[in-house]
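Predicted, not measured: the structure shown is a model, and the values here were computed from it. Every heavy atom of this structure was used, including side-chain atoms; hydrogens, water molecules and symmetry mates were not.
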Amino acid sequence: MAGSGEQARYWQYEELPGVDLLRARYVHKTFVRHTHEHFVIAGVAEGVEIFQHGSDKVYAGAGSLALVNPDTPHTGRAGVPEGWRYGAVYPSPQVVAEIAAETTTLRGTPGFVSPVLDDPYTVGLVHQVLRATDEGNALAADTLLRVAVTRLLRLNGGPLPSRQVRTAGARIAARARAVLEERMADPPSLERLATDLGTSPFALLRAFRAAYGMPPHTWLTDARVRRARRLLDAGTTPTEAAVAVGFTDQPHLNRHFTRIVGVPPGAYQRERGSGGRKNVQDAPGGLLVPSDTWQNRQSTRYGPQKEHPTPRGNARPEPSSATPSA
């Protein structure tokens with residue numbers, strides 16, 4: 001990976017409703033533990049990313065995908081000195097459920113079984129989706145997204161476990177979360193929150209970690225950024241959004257927003273307002289798309305072939321002849 005500059009662009013394409021898009025190259029970037037309301041499908045083109053997924057530390061290298069289900073705590077950072085370059089699509093649970101119902105036999109709420117899948121062909125599909133949005137090619141973007149999600153569900157899909165609250169600790173954690181959501185701009189201390197819920201601070205801390213994978217203060221920061229994103233989408237200024245969700249000022253929002261989303265709130269909002277066409281975060285080096293050599297290598301290696309059953313796990317089956325090529 002030549003150079004050391006970090007670049008990122010986070011946007012939406014109006015012809016792909018319910019899907020966020022990201023193209024980035026990071027070297028020193030570190031994502032703190034956070035969650036997404038949407039699925040994460042990140043195709044690594046160069047370098048290596050390390051991320052904590054649950055209690056496991058996993059590695060996604062070039063030609064593999066980092067796959068994270070909604071509301072799953074995870075982190076992210078470079079696994080090699082030169083960092084990593086990737087493209088990502090973030091389809092909503094509704095989008096994935098609709099695709100799964102039409103193209104797979106999965107029952108229940110669909111999701112990904114493993115957080116990393118070695119599949120260069122689908123990595124290429126993800127980058128082709130991003131390129132299609134850059135070109136304003138709605139037909140290609142929509143088609144390629146559906147092919148990519150279908151393939152991933154067939155290779156690495158399964159029903160997500162139901163989240164039923166059964167234990168007393170889980171019920172206390174859910175009540176604490178509701179209080180924090182309601183009092184996001186003025187949250188109580190851990191001791192006050194525990195007292196109001198009839199428990200001790202450490203008991204509440206243990207219960208909350210077990211239920212949501214992070215302590216209450218980390219969850220609150222994540223929730224504030226989520227709400228700030230919705231406010232920014234609605235046209236609220238970053239300064240107003242920062243105060244509304246409980247950050248002290250806009251720099252406070254900037255710091256946490258960038259550590260979770262990957263771009264500052266101002267750049268995020270400008271991309272939304274431009275309809276996803278203006279590349280405000282990319283440096284003069286141009287769009288972060290796979291090189292022609294990389295694209296040709298994937299096309300040659302994984303060109304249309306005869307349909308075969310798709311095994312589960314990290315196997316690399318041949319793609320369906322219905323898969324369009326870029």
- Item | Heavy-atom check, side chain of Leu67 versus side chain of Pro115, under 4.5 Å | no
- Item | Check: Pro73 main-chain N/O paired with His34 side-chain donor or acceptor under 3.5 Å | no
- Task: Measure across Ala244 and Leu231 and return the closest heavy-atom pair with its distance rounded to 0.1 Å.
- Result: CB-CD1, 3.8 Å
- Message: Looking at Thr72 and Val68, would you say the former's side chain and the latter's main chain have a donor-acceptor pair under 3.5 Å?
- Response: no
- Query: Between Phe39 and Phe112, is the gap from one ring center to the other below 6.0 Å?
  - Reply: yes
- Message: Measuring only between side-chain heavy atoms, which start at C-beta, is Tyr86 closer than 4.5 Å to Glu49?
- Response: no
- Message: Determine whether Leu152 and Leu117 satisfy the following criterion, side chain to side chain contact (heavy atoms under 4.5 Å, CB included), listing intermediate values before the conclusion.
- Response: CA-CA 9 Å; Leu152 290 174; Leu117 182 68; 3.6 Å; yes
- Query: Between Arg230 and Glu37, is the closest basic N to carboxylate O distance under 4.0 Å?
  - Reply: yes
- Message: With a 4.5 Å cut-off on side-chain heavy atoms, are Ser64 and Val123 touching?
- Response: no
- Salt-bridge test for Arg255 and Asp249: reply yes if a basic N is under 4.0 Å from a carboxylate O, no otherwise. no
- Is it possible for you to say whether Val44 and Tyr59 belong to one hydrophobic cluster, with membership spreading through side-chain heavy-atom contacts below 4.5 Å? no
- Spatial distance of atom NE2 (His36) from atom CG (Asn69) [nearest 0.5 Å]: 12.0 Å
- Item | Between Phe247 and His252, ring centroids under 6.0 Å | yes
- Query: Is it true that Asp20 and Arg229 make a salt bridge, defined as a side-chain N closer than 4.0 Å to a carboxylate O?
  - Reply: yes
- Task: Check Ala141 against Ala132 and note the closest heavy-atom contact, atom names and distance.
- Result: N-CB, 3.6 Å
- Task: To the nearest 0.5 angstrom, please state how far the CD atom of Gln94 sits from the CD1 atom of Ile99.
- Result: 12.0 Å
- Message: The criterion is side-chain hydrogen bond (donor to acceptor under 3.5 Å, both in side chains); which residues satisfy it with Arg146, sequence neighbours excluded?
- Response: Asp142
- Query: Please walk me through it: do Thr122 and Arg151 pass side chain to side chain donor-acceptor pair (under 3.5 Å)?
  - Reply: CA-CA 8 Å; Thr122 307; Arg151 179 178 172 87; 2.8 Å; yes
- Query: Does any donor atom in the side chain of Tyr268 or Asp233 lie under 3.5 Å from an acceptor atom in the other side chain?
  - Reply: yes
- same_hphob_cluster(Met184, Leu193) at 4.5 Å side-chain heavy-atom cutoff: yes
- Item | Minimum-distance pair of heavy atoms, taken over all atoms of Pro91 and His38 | O-CB, 3.3 Å
- Item | Validation row, ring centre Tyr10 to ring centre Phe257 under 6.0 Å | no
- Item | From CA spacing to verdict: side chain to side chain donor-acceptor pair (under 3.5 Å), Asp222, Thr35 | CA-CA 7 Å; Asp222 190 41; Thr35 62; 2.5 Å; yes
- Message: One pair to check against side chain to side chain contact (heavy atoms under 4.5 Å, CB included): Val95 and Leu16. What are the steps and the verdict?
- Response: CA-CA 10 Å; Val95 169; Leu16 284 183; over 6 Å; no
- Message: To the closest 0.5 Å, what do you measure between CZ (Arg177) and CZ (Arg175)?
- Response: 15.5 Å
- Message: Over 60° means perpendicular and under 30° means parallel, so tell me whether Phe208 and Trp219 are parallel, tilted or perpendicular.
- Response: perpendicular
- Item | Polar side-chain atom of Thr236 near backbone of Leu232 as donor-acceptor pair, under 3.5 Å | no
- Check the pair Leu22, Arg9 against side chain to side chain contact (heavy atoms under 4.5 Å, CB included), reporting the backbone distance first and the verdict last. CA-CA 6 Å; Leu22 173 70; Arg9 179 190 177 202; 5.8 Å; no
- Message: Would you say the ring centers of Tyr26 and Phe31 fall short of 6.0 Å from each other?
- Response: yes
- Item | Close side-chain approach of Leu21 and Thr133, heavy atoms under 4.5 Å | yes
- Query: Any sub-3.5 Å donor-acceptor pair from Gln7's side-chain atoms to Ala24's backbone N or O?
  - Reply: no
- Message: Quick one, His74 and Arg33 - any side-chain contact, counting heavy atoms below 4.5 Å?
- Response: no
- Message: Test side chain to side chain contact (heavy atoms under 4.5 Å, CB included) on Trp84 and Glu46; report intermediate values, then the result.
- Response: CA-CA 5 Å; Trp84 81 106; Glu46 296 179 3; over 6 Å; no
- Expected output: side-chain Gln12 to main-chain Glu271 donor-acceptor under 3.5 Å: no
- Has Arg77 got its NZ or CZ under 6.0 Å from the middle of the six-membered ring of Phe51, at an angle within 45 degrees of the ring axis? no
- Nearest-0.5 Å distance that lies between atom CD1 in Ile172 and atom OG1 in Thr199: 4.5 Å
- Message: Measuring from atom CG of Leu106 to atom CG of Leu160, what distance do you get when rounded to the nearest 0.5 angstrom?
- Response: 9.5 Å
- Query: If you take all heavy atoms of Ala242 and Leu253, which pair is closest and at what distance?
  - Reply: CB-CB, 3.7 Å
- Residues passing the side-chain contact (heavy atoms from CB on, under 4.5 Å) test with Pro215, sequence neighbours excluded, are Leu205, Arg209, His217, Thr218
- Task: Specify the closest pair of heavy atoms between Asp119 and Leu65, including all atoms of both residues, with the distance to one decimal.
- Result: O-CD1, 3.7 Å
- Could you tell me the separation between the CD1 atom of Ile260 and the OG1 atom of Thr75, rounded to the nearest 0.5 Å? 12.0 Å
- Message: Can you confirm whether Glu181 is buried at CD, in the sense that more than 12 heavy atoms of other residues, nucleotides or ligands lie under 6.0 Å from that atom?
- Response: yes
- Compare every heavy atom of Pro265 with every heavy atom of Asn254, then report the nearest pair and how far apart it is. OD1-CG, 2.9 Å
- Task: Tell me yes or no: between the side chains of Arg259 and Thr221, is some donor less than 3.5 Å from an acceptor?
- Result: no
- Answer whether the closest heavy-atom distance between the side chains of Arg224 and Arg226 falls below 4.5 Å. no
- Item | Arg192 atom CZ, over 12 foreign heavy atoms within 6.0 Å | no
- Message: I'd like to know if the side chain of Lys29 and the backbone of Thr258 have a donor-acceptor N/O pair within less than 3.5 Å.
- Response: yes
- Query: Quick one: does Arg23's side chain get under 4.5 Å of Asp134's, heavy atoms only?
  - Reply: yes
- Message: Any heavy-atom pair between the side chains of Leu130 and Val89 that's under 4.5 Å?
- Response: yes
- Message: Hydrophobic cluster membership, with links at side-chain heavy-atom distances under 4.5 Å among I/L/V/M/F/W/Y: are Val263 and Val32 in one?
- Response: yes
